[in-house]
Amino acid sequence: MTDSIQNLSAYDPFADTGEESNLEAQGNIHIRIQQRNGRKTLTTVQGLPADLDPKRILKVFKKDFACNGTVVQDEELGEVIQLQGDHRQKIQGFLIENQIATKDKIKVHGF
């Protein structure tokens with residue numbers, strides 16, 4: 001009788017399906033804002049093309065936007081540029097103007 005009941009077999013919905021989820025597969029550039037303390041904010045940029053040097057881009061950002069910033073190495077996301085302040089629209093305009101990315105490849109997140 002137990003052989004005829006098939007639906008009671010163990011099933012793990014969280015088991016590895018063999019599909020790899022790669023954040024860089026879509027090739028999108030993500031611009032996010034994070035709240036620090038009080039009114040202070042932090043803007044992060046990730047997903048820039050690999051042929052670009054993030055330190056040189058950071059140097060231009062810092063000069064154009066009059067802010068401080070750094071490049072952080074993340075295990076999952078790779079190199080992430082962090083800037084002090086809310087510069088989401090300025091960064092998006094810079095990337096489009098210098099033909100680093102098109103508008104449909106840039107995703108702006110945040111409130």
Side-chain angles (χ1 to χ4, degrees):
M1 174 131 179
T2 59
D3 293 333
S4 64
I5 300 175
Q6 295 288 326
N7 63 352
L8 294 179
S9 62
Y11 172 71
D12 185 10
F14 300 106
D16 188 21
T17 59
E19 298 176 8
E20 293 293 325
S21 62
N22 190 356
L23 296 175
E24 297 296 322
Q26 298 170 348
N28 290 332
I29 297 175
H30 297 277
I31 304 171
R32 293 186 172 90
I33 188 167
Q34 296 175 350
Q35 188 73 33
R36 284 181 42 216
N37 47 358
R39 294 174 50 195
K40 308 289 183 182
T41 57
L42 189 70
T43 304
T44 61
V45 181
Q46 69 187 41
L48 289 172
D51 59 340
L52 299 176
D53 184 16
K55 292 183 180 181
R56 292 182 67 195
I57 293 175
L58 175 65
K59 187 174 181 179
V60 174
F61 282 167
K62 288 167 62 171
K63 186 173 181 178
D64 287 352
F65 306 151
C67 66
N68 198 7
T70 186
V71 176
V72 177
Q73 183 67 35
D74 190 80
E75 295 175 359
E76 299 173 3
L77 306 175
E79 292 181 325
V80 178
I81 297 176
Q82 292 182 342
L83 296 171
Q84 291 179 352
D86 184 6
H87 303 287
R88 292 174 292 172
Q89 300 304 321
K90 294 177 189 175
I91 292 172
Q92 182 182 19
F94 176 87
L95 295 176
I96 293 170
E97 179 181 315
N98 291 312
Q99 299 175 350
I100 295 174
T102 59
K103 188 170 184 170
D104 60 331
K105 292 288 186 183
I106 299 174
K107 306 294 181 194
V108 179
H109 305 277
F111 42 84

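Because the structure is predicted, anything quoted here is derived from the model rather than measured. Residue numbers count from 1 along this sequence.
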*Asks:* Applying ring pair (Phe, Tyr, Trp, His ring centres under 6.0 Å) as the test, list every pair that has at least one member in residues 39-65; sequence neighbours left out.
*Replies:* Phe61-Phe65, Phe61-Phe94, Phe65-His87
*Asks:* Taking Asp74 for the side chain and Glu76 for the main chain, is one N or O donor matched with an acceptor at less than 3.5 Å?
*Replies:* yes
*Asks:* Could you walk me through whether Gln92 and Ile31 satisfy the side-chain contact (heavy atoms from CB on, under 4.5 Å) test, starting with their C-alpha distance in whole Å, then the side-chain angles of each, then the deciding distance to 0.1 Å, before giving a yes or no?
*Replies:* CA-CA 8 Å; Gln92 182 182 19; Ile31 304 171; 4.3 Å; yes
*Asks:* Count I, L, V, M, F, W, Y as connected when their side-chain heavy atoms are under 4.5 Å apart, and connections chain through other members. Are Ile91 and Leu52 then in the same cluster?
*Replies:* yes
*Asks:* Distance check, rounded to the nearest 0.5 Å: His30 atom NE2 versus Leu48 atom CG?
*Replies:* 11.0 Å
*Asks:* Got a sec: does the CD of Gln99 have more than 12 other heavy atoms crowding it under 6.0 Å?
*Replies:* no
*Asks:* Would you say Val60 and Arg56 make side-chain contact, with heavy atoms under 4.5 Å?
*Replies:* no
*Asks:* With the side chain counted from C-beta on, respond yes when Lys107 and Arg32 share a heavy-atom pair under 4.5 Å apart, and no when they do not.
*Replies:* no
*Asks:* What is the minimum heavy-atom distance between Thr41 and Gln35, and which atoms define it?
*Replies:* CG2-OE1, 3.9 Å
*Asks:* Picking from Val108, Thr44, Leu83, Ile106, what satisfies side chain to side chain contact (heavy atoms under 4.5 Å, CB included) with Arg88?
*Replies:* Val108
*Asks:* Using side chain to side chain contact (heavy atoms under 4.5 Å, CB included) as the criterion, point out the one residue from Val71, Thr70, Val45 that pairs with Pro54.
*Replies:* Val71
*Asks:* To the nearest 0.5 Å, what is the distance between CD1 (Ile57) and CG (Leu95)?
*Replies:* 7.5 Å
*Asks:* Tell me if the CZ atom of Arg36 is crowded by more than 12 foreign heavy atoms within 6.0 Å.
*Replies:* yes
*Asks:* Determine whether a donor-acceptor pair (N or O, by modelled atom type, separation under 3.5 Å) exists between the side chain of Thr43 and the backbone of Gly85.
*Replies:* yes
*Asks:* Which heavy atom in Gly47 sits nearest to a heavy atom in Ile29, and how many Å separate them?
*Replies:* O-CG1, 3.4 Å
*Asks:* Find the distance between NZ (Lys59) and CG (Asp64) and round it off to the nearest 0.5 Å.
*Replies:* 12.0 Å
*Asks:* Tell me the closest heavy-atom pair linking Leu58 and Gln82, and the distance in Å.
*Replies:* CD1-O, 4.3 Å
*Asks:* Working to the nearest 0.5 angstrom, can you tell me the gap between Asn28 CG and Lys105 NZ?
*Replies:* 5.5 Å
